[in-house]
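Heads up, the thing below is written out as structure tokens.
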Amino acid sequence: MVKEILIAAGLGVLAYLGWSGVDIWPVVILLVLLGAVVAVGWHQHWLPRPGRKVEGATQGITFDDIGGQATAKNELKEALEFLLKADQTERLGIRPLKGILLTGPPGTGKTLLAKAAANYTGSAFLSASGSEFVEMYAGVGAQRVRQLFADARRLARREGRGSAIIFIDEIEVMAGKRGQHQSHLEYDQTLNQLLVEMDGMNVHDDVRVLVMAASNRADLLDQALLRPGRFDRVVRVDLPDWAGRLQILQLHTRNKPLASDVDLAAIARETFGFSGAHLESLCNEAAILAFREGRNQITMADLKSAVDKVMLGEKLDRQVHKEERERVAVHESGHAVIAEHLQPGSVASVTIIPRGMALGFVRPAPEPDRWLRTVSELRAEIAVLLAGSTAERILLGQPSTGAANDFEKAFDIARQMVLAGLSPLGVVQEEALSPETLYQAVRDIVAAERERVDRLVESYRAAIQALSQRLLAEETVSGDVVRALLHQVA
Ligand code: ATP
């Protein structure tokens, strides 16, 4: 307030002097220059500096707050023994562990593991993202790396700790293979500085620093980083299996009131391929659904609806044109009926309520986690993907653009088959295959399935018609109804 009054008074005096004929321009120019200097200083002071924003922010996370990931947790704990028993390891002359690299898909808990590691070892925690070190100006990235290590040591001393963990997320952004970037000099300097800092770490330092880095693309990293003495340990953090998903669901519902019909094990079965972050979002979305409907407990229906939402996106209120709705109903009925024929019991429900990018959706019945697929299963998957468009063509006279995504997936599966040696080409080496040969083999697989689906859709025409009528009336139809229709009409 006082500042504002003084500024107003100053401006008033200046205006008065100017009005009385005094030449005030030198003063005005001086003030503008002063203002610019202050603004630049202010801006620089607040420039995001790696680590500034999350000092000490482990939020008390421990290994018990991380679901699944038993192998990663064990490997990590084992590695952290070096930090916990530093004196012993020093006596034995063991080189201190300097870096641990966590690799794996997004949202699997890499950041959580780094925070838990800091709590487990009683270390100060500082985090930064690889992209914060990427600057247009040469030398700035390297300067920031130096700063980060200095900050970590300072923070540990201030908190009275003997060690600090620096967590660098998306490390591939700053530590990609050298010499490959356009502005490579700057990238290379930043990476070199990181290597220099890591090489400089010493057993006798008053603060022991451990660098933990995370990457979704470890294949992009410069090999120098993975050399012994730098990131000695690489810990794989994978998508959780069924038991892991159940644990994560239990963790994220511990503070939420669940209705008695909730079966988290069933939800874990339905969410194959979900990461920890997906599961956290699922629990949150289910709670939001209950809240929107004014209930104070989360039901199984909320959780199931949240699975769809996380998988496909928000339900849309989009007005779908009548003809388009009919087309979607036929398309989804084609998928559902052929899926039930080829893999009985595989449909949980079918809907023509648009969600996210999808105009309709066949929800598959949950099955145990599968990591392997046989040739006939893969062929059946391709056939089911093609069935939507085939149903449109046979029942409505022509197909539409609605199947582009299905075709893409079908071609992906066929490609996997060729590369896994499951095509007439036999066992192949990808690099030795010409793109034309690969494409021809992929096309042959898809074409064979297309012929099969044509015949199947013709023979199930009545069932597909009946299911699409039912979908137009009810919007969502359960798998049991699909199965009943198949037997009645076929
Ligand atoms: P990214 O690679 O995208 O940075 P990340 O692997 O570092 O992802 P986190 O940031 O650790 O993932 O996880 C994001 C959120 O997902 C967490 O805050 C947590 O709510 C949830 N989550 C992820 N994995 C787990 C897990 N294993 N147990 C419990 N919650 C998890």
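This chain uses plain numbering: 1 for the first residue, then up along the sequence.
Judged by distance alone, with hydrogens and angles left aside, the side-chain atoms of S468 form a donor-acceptor pair with the main-chain N or O of I464 at under 3.5 Å. K110 contributes a side-chain N or O that, together with a main-chain N or O of G104, makes up a donor-acceptor pair within less than 3.5 Å. Judged by distance alone, the side chain of T253 and the main-chain N or O of K256 form no donor-acceptor pair under 3.5 Å. Side-chain atoms of E270 never come within 3.5 Å of backbone atoms of I267 as a donor-acceptor pair (strictly under, hydrogens ignored). In this structure a side-chain-to-backbone donor-acceptor pair under 3.5 Å is missing from R245 to F274. Panel note: side chain R325, backbone L472; a donor-acceptor pair is recorded below 3.5 Å. At least one donor-acceptor pair closer than 3.5 Å links the side chain of T390 to the backbone N or O of L386. Looking at Q247, its side chain never comes within 3.5 Å of a backbone N or O of Q69 through a donor-acceptor pair. In this structure, H278 contributes its side chain and S275 its backbone to a donor-acceptor pair below 3.5 Å.
Looking at D480 and R483, a side-chain N of the basic residue comes within less than 4.0 Å of a carboxylate O on the acidic one, giving a salt bridge. Using a cut-off of 4.0 Å between Lys/Arg side-chain N and Asp/Glu carboxylate O, R327 and E324 are scored as not salt-bridged. Taking a cutoff of 4.0 Å between a charged side-chain nitrogen and a carboxylate oxygen, R254 and D65 qualify as a salt bridge. In this structure, E172 does not pair ionically with R217, as no charged nitrogen and carboxylate oxygen lie closer than 4.0 Å. In this structure, E458 does not pair ionically with R455, as no charged nitrogen and carboxylate oxygen lie closer than 4.0 Å. Ion pair E75/R236 not flagged as a salt bridge, since none of the NZ, NE, NH1 or NH2 atoms sits closer than 4.0 Å to an Asp/Glu carboxylate oxygen. The pair E332-R363 does not count as a salt bridge, with every side-chain nitrogen at least 4.0 angstrom from each carboxylate oxygen.
Counting only heavy atoms from C-beta outward, the side chains of S478 and V481 approach each other to under 4.5 Å. Counting heavy atoms from C-beta outward, L359 and I352 have side chains that stay 4.5 Å or more apart. Taking the side chain as every heavy atom from C-beta outward, Y460 and E340 never approach each other to under 4.5 Å.
Counting all heavy atoms, side chain and backbone alike, L249 lies closest to C283 at CD2-SG, 3.8 Å. Here the shortest heavy-atom pairing between A336 and L467 reads CB-CD2, 3.9 Å. Pairing each heavy atom of A286 with each of I298, the nearest pair is CB-CG2, 3.8 Å. Of all heavy-atom pairs between A410 and L385, the closest is N-CD1, 3.6 Å.
Annotation: the span from K409 atom NZ to D412 atom CG amounts to 9.5 Å, rounded to 0.5 Å. Atom CG in L258 sits 7.0 Å away from atom CG in L303 (nearest 0.5 Å).
Under 3.5 Å, the side chains of T299 and D302 contain a donor-acceptor pair of N or O atoms. A donor-acceptor pair shorter than 3.5 Å cannot be found between the side chains of H252 and E280.
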- Verdict with supporting geometry, K98 and E197, salt bridge (Lys or Arg N to Asp or Glu O under 4.0 Å): CA-CA 10 Å; K98 295 179 177 176; E197 291 290 342; over 6 Å; no
- Stepwise, does the side-chain contact (heavy atoms from CB on, under 4.5 Å) test hold for L210 with S123? CA-CA 9 Å; L210 173 70; S123 305; over 6 Å; no
- When you look at K77 and E81, which way does the salt bridge (Lys or Arg N to Asp or Glu O under 4.0 Å) test go after all the steps? CA-CA 6 Å; K77 279 187 190 167; E81 288 291 299; over 6 Å; no
- Step by step, would you call R355 with M311 a side-chain contact (heavy atoms from CB on, under 4.5 Å)? CA-CA 9 Å; R355 248 182 202 284; M311 219 184 266; over 6 Å; no
- For L113 and F63, run side-chain contact (heavy atoms from CB on, under 4.5 Å): C-alpha distance rounded to whole Å, both residues' side-chain angles, the deciding distance at 0.1 Å, then the answer. CA-CA 7 Å; L113 283 166; F63 285 121; 3.9 Å; yes
- Message: Determine whether F411 and R443 satisfy the following criterion, side-chain contact (heavy atoms from CB on, under 4.5 Å), listing intermediate values before the conclusion.
- Response: CA-CA 8 Å; F411 272 91; R443 271 198 64 155; 4.0 Å; yes
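By the side chain to side chain contact (heavy atoms under 4.5 Å, CB included) test, Q416 pairs with no residue at all, sequence neighbours left out.
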